[in-house]
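Worksheet: the structure to be examined is printed underneath.
The structure presented is a predicted model; accordingly, all values stated were derived computationally and were not measured.
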Amino acid sequence: QVQLVESGGGLVQAGGSLRLSCAASGRTFVGYAMGWFRQAPGKEREFVAAITWSGSTTYYADSVKGRFTISRDNAKNTMSLQMYSLRPEDTAVYLCAARPQLFASTEAHEYPYWGQGTQVTVSS
């Protein structure tokens, strides 16, 4: 079993930046691909970014490409999402997710482990 805890959310003005973190515990982090998803009120959960176990390959939604960067530190069992040039439409609860596969996925249903989420609010 993997427990995931997000942190780093908050309120920021448009054009600002935030760094989200996800800490994993409960078992070894070895072999788990990770992802970030977000969910705004009244909307479905959407893919944001994902990273393979090794960190060698990353994936981004078109809406965040060039503005967000996903990374991980396997020695510390952590994953991060650096967000720049934030927009009001980025406002959502951001959730980290893990799957016991080497390769990442952009599909939420392929991740069995989820954190509780951290709120990101971008004001215009």
Side-chain angles (χ1 to χ4, degrees):
Q1 190 75 9
V2 175
Q3 289 82 45
L4 304 172
V5 178
E6 304 92 337
S7 61
L11 173 64
V12 63
Q13 289 188 332
S17 61
L18 280 175
R19 184 178 181 88
L20 306 183
S21 294
C22 176
S25 63
R27 61 149 292 156
T28 178
F29 206 44
V30 175
Y32 278 67
M34 305 285 291
W36 285 99
F37 291 78
R38 66 187 182 187
Q39 190 162 17
K43 294 188 177 181
E44 293 187 355
R45 189 168 296 185
E46 67 170 345
F47 168 73
V48 176
I51 189 167
T52 56
W53 148 245
S54 66
S56 61
T57 306
T58 56
Y59 306 85
Y60 297 94
D62 288 342
S63 60
V64 308
K65 201 170 293 183
R67 301 188 298 122
F68 292 9
T69 301
I70 188 172
S71 61
R72 65 189 295 165
D73 184 338
N74 288 340
K76 296 182 179 179
N77 284 2
T78 59
M79 176 181 66
S80 296
L81 185 69
Q82 180 67 56
M83 306 185 293
Y84 296 104
S85 302
L86 283 161
R87 305 166 180 168
E89 54 263 39
D90 294 320
T91 295
V93 174
Y94 283 70
L95 306 104
C96 73
R99 65 192 299 255
Q101 302 289 340
L102 298 181
F103 301 104
S105 170
T106 62
E107 301 292 331
H109 70 269
E110 294 189 356
Y111 290 83
Y113 303 108
W114 292 84
Q116 293 298 308
T118 185
Q119 177 70 47
V120 171
T121 303
V122 184
S123 63
S124 56

Y32 side chain reached by Y113 side chain, heavy atoms, under 4.5 Å: yes

Any side-chain heavy-atom pair of M83 and V12 under 4.5 Å: no

Steps toward side-chain contact (heavy atoms from CB on, under 4.5 Å) verdict (I70, Y59): CA-CA 8 Å; I70 188 172; Y59 306 85; over 6 Å; no

Measuring from [X]:[atom1] to [Y]:[atom2], what's the distance to the nearest 0.5 Å?
X   : Y    : atom1 : atom2 : result
L81 : T118 : CG    : OG1   : 11.0 Å
D73 : T78  : CG    : OG1   : 4.5 Å
Y60 : F47  : OH    : CZ    : 9.0 Å
M34 : N77  : CE    : CG    : 9.0 Å
Q13 : S124 : CD    : OG    : 9.5 Å
L95 : Q39  : CG    : CD    : 7.0 Å

What are the two closest heavy atoms between [X] and [Y], and how far apart are they?
X    : Y    : answer
A104 : A50  : CB-CB, 3.6 Å
V120 : L18  : CG1-CD1, 3.9 Å
G35  : M79  : O-CE, 3.5 Å
P100 : P112 : CD-CG, 3.7 Å

Say whether, by atom type as modelled, one donor and one acceptor occur between the side chain of [X] and the main chain of [Y] under 3.5 angstrom.
X   : Y    : value
N74 : S54  : no
E6  : Q116 : yes
T91 : V122 : yes

hydrophobic_cluster_shared for V2 and L20, side chain cutoff 4.5 Å: yes

Same apolar cluster: F68 and L11, side chain cutoff 4.5 Å: no

Flag if over 12 foreign heavy atoms under 6.0 Å of CD, Q119: yes

Pairs satisfying disulfide (SG to SG under 2.5 Å), at least one member in [range], at least two apart:
range           : value
residues 30-67  : none
residues 34-80  : none
residues 36-108 : C22-C96

Set of residues satisfying ring-ring contact (aromatic ring centres under 6.0 Å, His included) with respect to W114, sequence neighbours excluded: F37

Contacts of S17 that satisfy side-chain contact (heavy atoms from CB on, under 4.5 Å) - sequence neighbours left out: Q82, Y84

Return the set of residues passing salt bridge (charged side-chain N to carboxylate O under 4.0 Å, His left out) with [X] (not counting sequence neighbours), or none when no residue passes.
X   : answer
K43 : none
R67 : D90
R72 : none

side-chain hydrogen bond (donor to acceptor under 3.5 Å, both in side chains) involving [X] - partner list, sequence neighbours excluded:
X   : answer
E89 : none
E46 : R38
T57 : none

Inter- and intrachain pairs under salt bridge (charged side-chain N to carboxylate O under 4.0 Å, His left out), touching residues 102-114, at least two apart: R99-E110

Criterion side-chain contact (heavy atoms from CB on, under 4.5 Å) on I51 and W36, from CA distance to verdict: CA-CA 9 Å; I51 189 167; W36 285 99; over 6 Å; no

